[in-house]
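All remarks here apply to the structure that follows.
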Amino acid sequence: SEGAWCYDSQDPKCGPTHWKEIAPACGGPAQSPINIDLHLVRRDLTLRPFIFHGYDSAPPGPWTLENDGHTVLLHVDTGPQSRLEMQGAGLPLPAYRALQLHFHWGGPGRAGSEHSLDGQRRPMEMHVVHMNTRYQSMGEARAHPDGLAVLAVFLAEQDSDNANFSALVSGLKNVSARGVSVDLASTFPLASLLPGASGLSRYYRYWGSLTTPGCEPAVLWTVFEDAVPIGRAQVGPPRLPWAGLPATRPPFLTGSAPHPQVAQFQSVTQAGPPGSQPAPLTENFRPQQPLGGRRVSASPG
Ligand code: B30
Ligand code: ZN
């Protein structure tokens with residue numbers, strides 16, 4: 001349904017300022033992502049913990065990893081035998097089913113989360129996309145304000161591996177070309193990628209949109225405060241100019257250091273003209289959108 005679009009704001013044809021020409025909702029109200037100003041959030045005592053069904057065990061699978069040219073997606077909805085659903089947490093009834101998770105990242109040395117807290121971006125952001133079970137398809141859900149619920153999880157660097165990302169990161173080398181899908185060697189508990197024990201982090205909540213065309217205002221967003229760590233070493237050796245430096249860098253250098261663990265994601269490629277060298281897919285995050293009259297709520301934490 002969406003024509004050609006891209007993240008490059010320098011591109012005269014397909015960048016974010018042109019999205020509204022192919023998808024009018026991208027120029028409409030209630031768009032995502034946003035910066036969350038922590039002084040303006042309203043604490044909401046009705047934002048209780050999430051209730052997750054099936055997130056604590058490895059489902060039958062197989063799960064499919066896909067490079068669609070805009071992101072890397074892990075499709076986790078493999079049918080009725082692996083029902084992954086969430087409720088509670090102020091979500092509309094009856095429940096939301098997990099469909100896919102995917103990532104947004106930056107470029108060498110550049111943070112690439114879509115949301116930010118008090119203007120602070122993180123190296124990466126993972127989105128776990130859920131559909132309201134009252135709807136039959138993604139297409140139907142996208143037409144309703146309560147159709148989708150996305151869990152946004154910030155990823156932060158750490159020196160040691162996060163084994164919970166191993167199966168996914170190992171699959172990235174097999175989806176470096178746009179349009180390619182592979183079955184992952186194994187599934188894993190979805191909860192292992194969420195902050196705290198099954199998402200017991202404080203979270204921020206607001207009504208927004210898909211962050212890619214068609215930008216439908218169909219998403220109840222949850223942005224977890226606590227980041228999930230992802231390891232530098234598990235995604236390959238650091239690249240210049242940091243190669244050869246000890247794993248622990250002096251603190252004054254960390255602000256300008258690249259995010260080596262993200263290098264693996266950055267090795268994924270996007271579309272190019274036939275026969276051309278494929279360009280790495282980097283900085284696949286949308287510019288932040290005006291909050292307008294919306295309110296951001298915070299769980300009691
Ligand atoms: S997000 O979480 O707001 N970034 C879709 C789902 C969630 C978000 C953005 C888009 C979505 O389902 N889009 C339509 C299907 N997409 C797959 C995809 O997720 O992103 C196919 C496509 O090419 O349009 Cu890329
Ligand atoms: Zn996303």
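Just follow the structure's listing: the first ligand is 1, and inside any ligand the first atom is 1. Model, not experiment: these values are computed from the prediction.
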Would you mind listing which atoms of ligand 1 come within a distance below 4.0 Å of any non-hydrogen atom of [X]?
X      : value
Trp221 : 2 (O), 3 (O)
Gln100 : 6 (C), 19 (O)
Val129 : 2 (O), 7 (C)
His102 : 1 (S), 2 (O), 4 (N), 7 (C), 8 (C)

Which pair of heavy atoms, one from Asn35 and one from Ser116, lies closest together, and at what distance?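 Scanning both residues completely, I find the closest heavy atoms to be OD1-OG, 2.8 Å.
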
Residue selection (non-hydrogen contact nearest [atom]) among [options]:
atom                    : options                        : answer
atom 5 (C) of ligand 1  : Leu210, Val219, Leu151         : Leu210
atom 12 (O) of ligand 1 : Glu216, Met138, His104, His127 : Met138
atom 3 (O) of ligand 1  : Thr71, Val150, Thr211, Thr212  : Thr211

Determine, step by step, whether Lys13 and His18 satisfy the side chain to side chain contact (heavy atoms under 4.5 Å, CB included) criterion, reporting the C-alpha distance in whole Å, the side-chain angles of both residues, the deciding distance to 0.1 Å, and the verdict. CA-CA 7 Å; Lys13 292 188 292 289; His18 295 274; 5.9 Å; no

Pick out which of Glu66, His127, Glu125 makes a side-chain hydrogen bond (donor to acceptor under 3.5 Å, both in side chains) with His102.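 Checked Glu66, His127, Glu125 against His102; only one passes side-chain hydrogen bond (donor to acceptor under 3.5 Å, both in side chains): His127.
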
With respect to Trp5, determine whether any N or O atom, backbone or side chain, lies less than 3.5 Å from an N or O atom of ligand 1.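 Between Trp5 and ligand 1, no N or O pair is found under 3.5 Å apart.
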
Purely on distance, is any nitrogen or oxygen of Asp68 under 3.5 Å from one on ligand 1?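 By distance alone, the answer is yes.
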
Check the pair Trp221 / Tyr203 against ring pair (Phe, Tyr, Trp, His ring centres under 6.0 Å), numbers first and verdict last. CA-CA 10 Å; Trp221 279 94; Tyr203 59 88; over 10 Å; no

Under a 4.5 Å side-chain heavy-atom rule over Ile, Leu, Val, Met, Phe, Trp and Tyr, are Met126 and Phe265 clustered together?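 Per the 4.5 Å side-chain linkage, Met126 and Phe265 are co-clustered.
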
Honestly curious: do Leu281 and Leu101 fall in one hydrophobic cluster under the side-chain, below-4.5 Å linking rule?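 Yes; tracing contacts between hydrophobic side chains, which count when under 4.5 Å, links both residues.
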
Have a look at His127 and say which of its N, O or S atoms is nearest the Zn ion (ligand 2).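 It is ND1 of His127.
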
Distance alone, cut at 3.5 Å: any donor-acceptor contact between the side chains of Thr133 and Glu85?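 There is no such pair (donor and acceptor under 3.5 Å, judged by atom type) between the side chains of Thr133 and Glu85.
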
